[in-house]
Amino acid sequence: MQARDIMSSPVVSVTPDMTVKYAANLLSAHGYTALPVLDEDGRLIGVVTEADLVRDRFPRDARYRDGNGPDEPPALPPPGTVGGVMTTPAVGMGAGTDVVDLVRVLLEDRIRSMPIVDGAHVVGIVTRRDLVQALARDDEVISADVRHQLAIYGGPTRWTVEVHDGAVEVVDAFDDETDRHVATVLAQAVPGVTAVRVTSTSTTG
């Protein structure tokens with residue numbers, strides 16, 4: 001499975017001159033945790049996250065000061081635009097990136113979303129939610145998608161498909177090692193598939 005198979009597109013994005021309030025409204029309205037920041041040519045130049053928006057944004061409540069410590073100096077007003085708070089430079093990955101590599105980066109870098117780019121232009125985004133939604137796909141839906149992909153390659157009656165908890169079992173009416181490899185690749189590209197095993201009737205009978 002590649003990034004293009006599960007990415008969300010088109011992408012909700014912001015520009016550096018937009019206000020922090022506007023970006024916060026977008027995150028809140030769409031349930032996102034981060035937004036790509038694009039320049040006037042649509043190129044990825046940064047990412048603004050929930051953490052970027054809330055950092056230094058809330059004043060301390062004077063009603064609950066204990067009076068034991070020194071007075072804090074007045075805080076400088078936080079930046080009011082996305083460009084003043086965004087994380088830059090931004091990391092993006094290509095649409096052909098293997099989801100295994102994408103997940104590794106998300107986990108190792110402790111980030112929640114990855115812009116998907118074609119050159120410097122954003123074509124999609126993959127979030128942890130997208131990955132969880134892929135894992136949660138119903139087995140019957142996955143099975144239908146796998147059968148559709150295999151029917152295009154070898155006809156609708158050639159393959160028998162069963163799916164259990166995302167693991168796909170395919171039985172081929174013919175015994176062809178090359179076709180079994182192609183069937184494995186096609187099935188692996190279906191969102192929600194966690195494993196694929198392809199056999200032929202001659203080996204299962």
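Since we're looking at a predicted model, the values are computed, not measured. Both backbone and side-chain heavy atoms feed into the values below; hydrogens, waters and symmetry mates do not.
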Open item on the list: Could you walk me through whether Val168 and Val163 satisfy the side-chain contact (heavy atoms from CB on, under 4.5 Å) test, starting with their C-alpha distance in whole Å, then the side-chain angles of each, then the deciding distance to 0.1 Å, before giving a yes or no?
Closed with: CA-CA 5 Å; Val168 178; Val163 182; 3.9 Å; yes

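- Taking each heavy atom of Pro79 and Gly84 in turn, the nearest pair found is CG-O, 3.6 Å.
- Counting only heavy atoms from C-beta outward, the side chains of Pro78 and Arg55 never approach each other to under 4.5 Å.
- Residues Val48 and Met18 share a hydrophobic cluster, clusters being chains of Ile/Leu/Val/Met/Phe/Trp/Tyr side chains in contact below 4.5 Å.
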TODO: Please lay out, stage by stage, how Phe174 and Asp179 fare under the test side-chain contact (heavy atoms from CB on, under 4.5 Å).
DONE: CA-CA 9 Å; Phe174 303 102; Asp179 285 354; 5.9 Å; no

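- Heavy-atom neighbours of Arg158 CZ from other residues, nucleotides or ligands within 6.0 Å: above the threshold of 12.
- Within a 6.0 Å sphere centred on NE2 of His121, other residues, nucleotides and ligands contribute more than 12 heavy atoms.
- Sparse packing is recorded around NE2 of His181, with 12 or fewer heavy atoms of other residues, nucleotides or ligands lying under 6.0 Å away.
- With rounding to the nearest 0.5 Å, the separation of CG in Leu135 from CG in Leu131 is 7.0 Å.
- Atoms CD1 and CE, from Ile45 and Met86 in turn, are 4.0 Å apart once rounded to the nearest 0.5 Å.
- Annotation: side chain of Val122 is not in contact with side chain of Ser13 (no heavy-atom distance under 4.5 Å).
- Atom CZ of Arg57 has more than 12 neighbouring heavy atoms from other residues, nucleotides or ligands inside a 6.0 Å radius.
- With rounding to the nearest 0.5 Å, the separation of CG in Asp118 from CG in Leu44 is 12.5 Å.
- No hydrogens or angles considered: a donor-acceptor pair under 3.5 Å links the side chains of Thr127 and Asp130.
- Side-chain contact check for Arg147 and Ser143: at least one donor-acceptor pair (N or O, by modelled atom type) lies under 3.5 Å.
- Under a cut-off of 6.0 angstrom, the local environment of CG in Asp39 is crowded, with over 12 non-hydrogen atoms contributed by other residues, nucleotides or ligands.
- Within the model, atoms CD1 of Ile152 and CG of Leu186 stand 8.5 Å from one another, a figure rounded to the nearest 0.5 Å.
- Leu53 contributes atom CG, which lies 7.5 Å from atom CG of Leu35 (distance to the nearest 0.5 angstrom).
- Other residues, nucleotides and ligands contribute over 12 non-hydrogen atoms within 6.0 Å of the OH atom of Tyr153.
- For residues 97-111, the set of pairs meeting the salt bridge (Lys or Arg N to Asp or Glu O under 4.0 Å) definition, not counting sequence neighbours, comprises Arg104-Glu108.
- No side-chain donor-acceptor contact under 3.5 Å links Asp165 and Thr194.
- In this structure, the separation between CD1 on Ile125 and CD1 on Ile116 is 8.0 Å, given to the nearest 0.5 Å.
- Under the side-chain contact (heavy atoms from CB on, under 4.5 Å) rule, Met114 has a single partner from Met93, Met7, Arg128, which is Met93.
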